[in-house]
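Heads up: the structure comes next, in structure tokens.
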Number of protein chains: 2
Amino acid sequence: MLSFEQELSGYDIKKWADWSLKLFYWSPSFSQIYSELKRLEKHGYVTSRTVMQDDVRGKRVYAITDTGREAVRNWSRTAPVEAPVLKHGVLLRVWLGHLTEPERLHEIVAEHRDNSERRRAEAAVDADAAHGETAWAYPELALKWAERYHAAERDLAEQMLRDLDELAASGRATEPVPLPPDSPSLAPRLPGVPSTE
Amino acid sequence: MLSFEQELSGYDIKKWADWSLKLFYWSPSFSQIYSELKRLEKHGYVTSRTVMQDDVRGKRVYAITDTGREAVRNWSRTAPVEAPVLKHGVLLRVWLGHLTEPERLHEIVAEHRDNSERRRAEAAVDADAAHGETAWAYPELALKWAERYHAAERDLAEQMLRDLDELAASGRATEPVPLPPDSPSLAPRLPGVPSTE
DNA sequence: GGTTGGTATTTCTATTAGAAACACACTGCG
DNA sequence: CGCAGTGTGTTTCTAATAGAAATACCAACC
């Protein structure tokens with residue numbers, strides 16, 4: 001992110017990542033960002049200086065070095081093309097469809113479809129904001145890709161709803177045994193169990 | 001995975017996850033699987049027994065308990081619908097397009113398009129293998145979804161290639177300064193630097 | 001005057017990945 | 001026969017990453 005040639009603090013990076021990077025990559029945690037910046041500086045890939053905001057408060061901003069720029073450029077050009085990593089909780093629950101009543105499963109997928117459409121619209125707004133700025137030509141391409149990606153995700157959910165309906169109509173959907181009203185529950189966390197005793 | 005009612009060892013789970021779950025979720029590591037099975041057993045969600053394969057060697061297989069089945073069922077029905085997590089290295093490199101020569105970027109995206117088509121075809125084969133088995137009705141739906149997902153990913157890559165060509169034609173693609181032949185390199189790891197001194 | 005919210009960073013714990021080591025069985029090959 | 005390679009099955013170690021909380025200070029708002 002520093003290769004865009006602006007001085008950034010750890011906090012700046014987190015905000016920017018949440019806003020932009022998040023559309024096609026996970027946004028790293030604060031602890032990750034701050035420790036990584038220190039490591040990058042130790043290796044000479046970035047330098048830092050303290051900017052005073054008033055008499056008392058300062059913040060540390062980082063800038064990329066020539067070494068760092070060449071290193072990240074070299075990475076981007078030569079790293080192997082790897083498969084995207086996906087963690088799709090909704091699909092996991094479809095895969096485990098035998099656990100859920102067909103109507104509830106339908107609801108879950110429908111909610112995902114609606115969320116996808118909302119995310120598509122958000123990406124469209126961001127892509128418009130970047131439009132025309134030469135400095136943001138590539139980020140704009142990524143945003144346009146994100147817009148289409150979420151549209152595809154929405155359509156895939158729509159098709160899944162049809163598949164689920166068809167399965168229910170065919171009678172091959174196995175209804176699970178009903179739960180007692182106060183069944184023990186895993187916290188909504190995946191894939192493990194809560195670490196609490 | 002144990003809710004499919006088969007006794008499985010940690011090794012079985014890893015193999016199955018690599019084969020099937022991987023299409024829409026990450027496949028957990030061995031260390032994660034084995035420690036999680038122990039924790040699940042401590043909480044009473046699974047039980048285990050040792051199966052002797054010959055006089056010397058045995059393996060530990062796990063089975064879900066009633067408590068465990070109700071817990072995972074409850075999770076699947078009530079967990080909030082969360083956004084899928086995506087880590088798309090190729091898109092990250094497009095976003096950082098100012099670092100790479102346009103021709104090289106084109107190659108990277110083209111390779112990703114080809115990989116997506118290959119993965120689509122693989123999912124199609126697996127979906128056929130599951131076809132018709134009532135016990136695998138939901139996994140089959142997930143596989144069909146994966147097939148369409150990879151087709152969409154392929155098409156999005158194709159469209160990205162057109163966008164890249166258009167950007168290059170417009171002259172707004174900023175060619176990076178050439179690298180000296182022996183530039184320092186980051187290991188192909190993201191987003192940090194290698195931890196070696 | 002007190003609450004809320006934003007900036008900015010550190011620290012702690014838990015989760016997860018990844019590699020390696022270990023042990024044994026089976027197969028193919030010279 | 002010996003032996004390399006491959007697959008099953010599990011454990012252990014280290015590193016990476018997430019997530020929450022704590023700390024501070026300032027500004028805006030009621």
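The chains referred to below are lettered A, B, ... by the order of the sequence lines, with proteins before strands, and numbering in each begins at 1. The structure displayed is predicted, hence computed values, not measured ones.
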Atom-pair distance ([atom1] on [X]; [atom2] on [N]), nearest Å:
X     : N      : atom1 : atom2 : value
A:W26 : D:dA18 : CH2   : P     : 6 Å
B:L8  : D:dT8  : CG    : P     : 14 Å
B:Y62 : D:dG9  : OH    : P     : 14 Å
A:Q32 : D:dA20 : CD    : P     : 16 Å
A:W19 : C:dG6  : CH2   : P     : 18 Å

Checklist line | Of all pairs that satisfy ring pair (Phe, Tyr, Trp, His ring centres under 6.0 Å), the ones with a partner from residues 147-171 of chain A, not counting sequence neighbours | finding: A:W145-A:Y149

Note to self: Per the side chain to side chain donor-acceptor pair (under 3.5 Å) rule, what does the pair list look like for residues 155-164 of chain A, sequence neighbours excluded?
What the structure shows: A:R113-A:E158, A:D163-B:R148

Close N or O pairs between protein and nucleotides 7-13 of chain C (under 3.5 Å):
{"from": "C:dT7", "atom 1": "OP2", "to": "A:Y11", "atom 2": "OH", "distance (Å)": "2.9"}
{"from": "C:dA8", "atom 1": "OP1", "to": "A:Q53", "atom 2": "NE2", "distance (Å)": "2.7"}
{"from": "C:dA8", "atom 1": "OP1", "to": "A:K59", "atom 2": "NZ", "distance (Å)": "3.2"}
{"from": "C:dT9", "atom 1": "OP1", "to": "A:R60", "atom 2": "N", "distance (Å)": "2.6"}
{"from": "C:dT9", "atom 1": "OP1", "to": "A:R60", "atom 2": "O", "distance (Å)": "3.4"}
{"from": "C:dT9", "atom 1": "OP2", "to": "A:Y34", "atom 2": "OH", "distance (Å)": "3.0"}
{"from": "C:dT10", "atom 1": "OP2", "to": "A:K38", "atom 2": "NZ", "distance (Å)": "3.2"}

Notebook entry, point to check: Should side-chain heavy atoms under 4.5 Å link Ile, Leu, Val, Met, Phe, Trp and Tyr, which residues sit in the same cluster as B:Y34?
Noted result: B:Y11, B:F30

Next item on the list: Under 4.5 Å between side-chain heavy atoms, chaining through other members, with only Ile, Leu, Val, Met, Phe, Trp and Tyr counted: pull out the rest of the cluster around B:V51, sorted by chain and number.
Entry: B:V61

Item checked: Aromatic plane relationship, B:H98 with A:F4 - under 30° parallel, 30 to 60° tilted, over 60° perpendicular -> tilted

Next item on the list: Identify, with sequence neighbours excluded, every residue that meets side-chain contact (heavy atoms from CB on, under 4.5 Å) alongside B:S35.
Entry: none

